[in-house]
Chemist: 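Encoded as structure tokens, here's the structure I'll be asking about.
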Amino acid sequence: MDTQYDVIVLGGGAAGLTAGIYLSRARLRTLILNEGATGGQMTLTHEIANYPGVENISGYELARRMRSQAQKFGCTVKSNLTIAAMDLTGEIKRVLLDTGDAFTAPAVILATGGKSREIGAPGETEFKGKGISYCATCDGDFFTDKEIIVVGGGNSALEEAVSLTKYASKVTVVHQFDHFQAFEHYVVEAQKNPKIRFIMESKIEAFEGDEALRSVKIRHQQTGAITTMAVDGVFILIGYVPNTKRFEGIVTLNGAGEIVADAGMATSLPGVFAAGDSIAKRYRQVTTAVADGTIAALNAAEYVNAKKKEVKAEEVL
Amino acid sequence: MLQTNLTHVLSEKDHAALLKANENVMICCGRMGPMCIPVYEAMEELEGEYKHVKFADMEFDSPDARIIRNLPECRSFQGLPFVVYYKGGKVVKATTSIQQPKQITTILDEHFGKK
Ligand SMILES: Cc1cc2nc3c(=O)[nH]c(=O)nc-3n(C[C@H](O)[C@H](O)[C@H](O)COP(=O)(O)OP(=O)(O)OC[C@H]3O[C@@H](n4cnc5c(N)ncnc54)[C@H](O)[C@@H]3O)c2cc1C
């Protein structure tokens, strides 16, 4: 049998947990269904130093506190699960898990955030953790005195390329364009570093090795020339993609696959709101996710309460 | 000590005792980092479901974690966490880097039997 809630929040990152706090404090039966670890991208951040009122906190700790705050107000938080199907189009929205458990609510908030972009080249999955990493702070020390590649040309790629020189003997930045997208100071710092060299206008075509990564094939974008480069590790830091594939054809997405939401965080579908990094917006931070989550929750609450009044009025008639 | 609700393996002695006392053991050897936290959280949630498996963690940087770091099964690993599954004291599977809950349950089901 389906379990009924007032609002179902998909995603348990900063946006979803904030929505959970506001909704359950407003005495609405609220369920957060989160496919990953509670806290989402916050758990990828060793230290958050720009969350107002908290000088320094690990992302993990901030996420734990947000979850416990939501739970104290009565919110149910379920993480590390798999959503098998959802129907968001009707008056009552339904979400089905792969376990067979199903949940319904008149309103849903999409707060599914984003994830690291992968290159999609052959060998990428096979050598994950065996030479390929998406987290410099986690795995940098495995490459002490080794030769590595950093893929990307944005802020995190260049910042991490510099920080990885603490460990690696040589860092090669491979970037697909002839210019960087990073702030000028990151570019200058990387260019000044004697351990860093650059291969521009090039992409990795394949990852090769045996029990661990040994080399990569690099294609030059202009000439098409392919070179093989021996390497011990590759850090892929090419940005994030929104987790919105599931919502294609259900709510309006923009060309980048981000959910289009209005100032009240309403999507193109009645009763479906959105918040956080999964929506189309310029700045993606914990503070902006929290703000979106608040707005989405307050508007979802208003929507649900109005629906409840409609039902009561019909019952009186 | 890692900030998880799992059983903590603090020494080689703890490790030996844990394997002796339990037929099916999963140990996640990591740090409080972004690739490790999701694995600890998945283990915390699975603990209630897989009663026949003992779930534990071990701090990667503790000297005694060499008992895991130096396993032949982990020789090519270069991504945290190192997760090792033991049956009857023997390594039956080891994984490197972040794993999705589904990947973990597939291994648990295959080697230790379904919940
Ligand atoms: C390395 C790094 C460092 C950062 N540093 C900072 C910083 O210092 N300060 C700062 O303010 N911001 C920082 N940010 C940005 C900040 O972490 C994000 O903007 C914010 O956490 C986004 O929150 P969110 O809730 O929108 O999404 P997310 O945190 O991405 O959470 C979304 C959650 O939804 C889950 N999910 C995905 N699909 C589904 C689905 N279909 N159904 C259910 N659940 C689903 C995901 O698993 C995830 O748990 C950093 C980001 C990164 C990656």
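A, B, ... follow the sequence lines: proteins, then strands. Residue 1 opens every chain.
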Chemist: Counting only heavy atoms not in A/Lys78, do more than 12 fall under 6.0 Å of its NZ?
Modeler: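 Open.
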
Chemist: Count the heavy-atom pairs under 4.5 Å between each of A/Asp210, A/Thr82, A/Asp98, A/Thr38 and chain B, then report the option with the highest count.
Modeler: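 The option with the most such pairs is A/Thr38.
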
Chemist: Who among B/Cys36, B/Ala42, B/Gly33, B/Gly79 has the most heavy-atom pairs with chain A under 4.5 Å?
Modeler: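 Among B/Cys36, B/Ala42, B/Gly33, B/Gly79, the one with the most close pairs to chain A is B/Gly79.
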
Chemist: Looking at B/Glu41 and A/Arg67, is any side-chain nitrogen of the basic one under 4.0 Å from a carboxylate oxygen of the acidic one?
Modeler: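 Yes, charged N to carboxylate O under 4.0 Å.
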
Chemist: Which pairs with one or both residues in residues 78-99 of chain B pass salt bridge (charged side-chain N to carboxylate O under 4.0 Å, His left out), sequence neighbours excluded?
Modeler: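 For residues 78-99 of chain B, and leaving out neighbouring residues, the salt bridge (charged side-chain N to carboxylate O under 4.0 Å, His left out) pairs sorted by first residue read B/Glu23-B/Lys87.
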
Chemist: Under 4.5 Å heavy-atom distance to chain B, tell me which part of A/Ser133 shows up: side chain, backbone, both or neither.
Modeler: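 Contact with chain B is absent: no heavy atom of A/Ser133 under 4.5 Å.
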
Chemist: Within a strict 4.5 Å, meaning less than it, do heavy atoms of the A/Phe142 and B/Leu80 side chains meet?
Modeler: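 Yes - at least one pair of side-chain heavy atoms lies under 4.5 Å apart.
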
Chemist: When you measure from the side chain of B/Gln78 to the backbone of A/Gly131, do you find a donor-acceptor pair of N or O atoms at a distance under 3.5 Å?
Modeler: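 Side chain of B/Gln78 to backbone of A/Gly131: a pair is present.
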
Chemist: Of all heavy-atom pairs between B/Gln3 and A/Tyr60, which one has the smallest distance, and what is that distance?
Modeler: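 Closest approach of B/Gln3 to A/Tyr60, heavy atoms only: O-OH, 3.0 Å.
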
Chemist: Any pair with a residue in residues 121-151 of chain A that passes disulfide (SG to SG under 2.5 Å), sequence neighbours left out, goes on the list, sorted by first then second residue, please.
Modeler: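 Found A/Cys135-A/Cys138.
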
Chemist: Less than 4.5 Å to any heavy atom of chain A: does that hold for the side chain of B/Phe60, its backbone, both, or neither?
Modeler: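 Just the side chain, heavy atoms under 4.5 Å.
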
Chemist: Please give me the minimum heavy-atom distance between A/Arg64 and B/Thr4, naming the atom from each residue.
Modeler: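 It is NH2-CA, 4.5 Å.
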
Chemist: Would you call B/Arg31 and A/Asp139 a salt bridge, using N to O less than 4.0 angstrom?
Modeler: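 Salt bridge: no.
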
Chemist: So what's closer than 4.5 Å to chain A heavy atoms on B/Gln99: side chain, backbone, both or neither?
Modeler: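 Answer is neither: B/Gln99 stays 4.5 Å or more from chain A.
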
Chemist: When rounded to the nearest 0.5 angstrom, what is the spacing between OG in B/Ser76 and NZ in A/Lys130?
Modeler: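 Here the interatomic distance stands at 4.5 Å.
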
Chemist: Of the backbone (N, CA, C, O) and the side chain (C-beta and beyond), which part of A/Phe127 lies under 4.5 Å from a heavy atom of chain B, both, or neither?
Modeler: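 For A/Phe127, neither part sits under 4.5 Å from chain B.
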
Chemist: Say whether, by atom type as modelled, one donor and one acceptor occur between the side chain of B/Thr96 and the main chain of A/Gly129 under 3.5 angstrom.
Modeler: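 Looks like yes, one N/O pair under 3.5 Å.
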
Chemist: At a heavy-atom separation under 4.5 Å, does B/Pro38 approach chain A through its side chain, its backbone, both, or neither?
Modeler: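 Both backbone and side chain of B/Pro38 come within 4.5 Å of chain A.
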
Chemist: Using non-hydrogen atoms and a 4.5 Å limit, figure out which bit of A/Lys146 sits close to chain B: side chain, backbone, both or neither.
Modeler: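 Contact with chain B involves the side chain of A/Lys146 alone.
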
Chemist: Let's test your reading of the structure: which of A/Gly36, A/Ser79, A/Ser58 forms the most heavy-atom pairs below 4.5 Å with chain B?
Modeler: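 Looking at each of A/Gly36, A/Ser79, A/Ser58 in turn, A/Ser79 comes out on top.
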
Chemist: Between B/Ile98 and chain A, which part of the residue has a heavy atom less than 4.5 Å away: side chain, backbone, both or neither?
Modeler: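 Looking at B/Ile98, backbone and side chain both touch chain A.
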
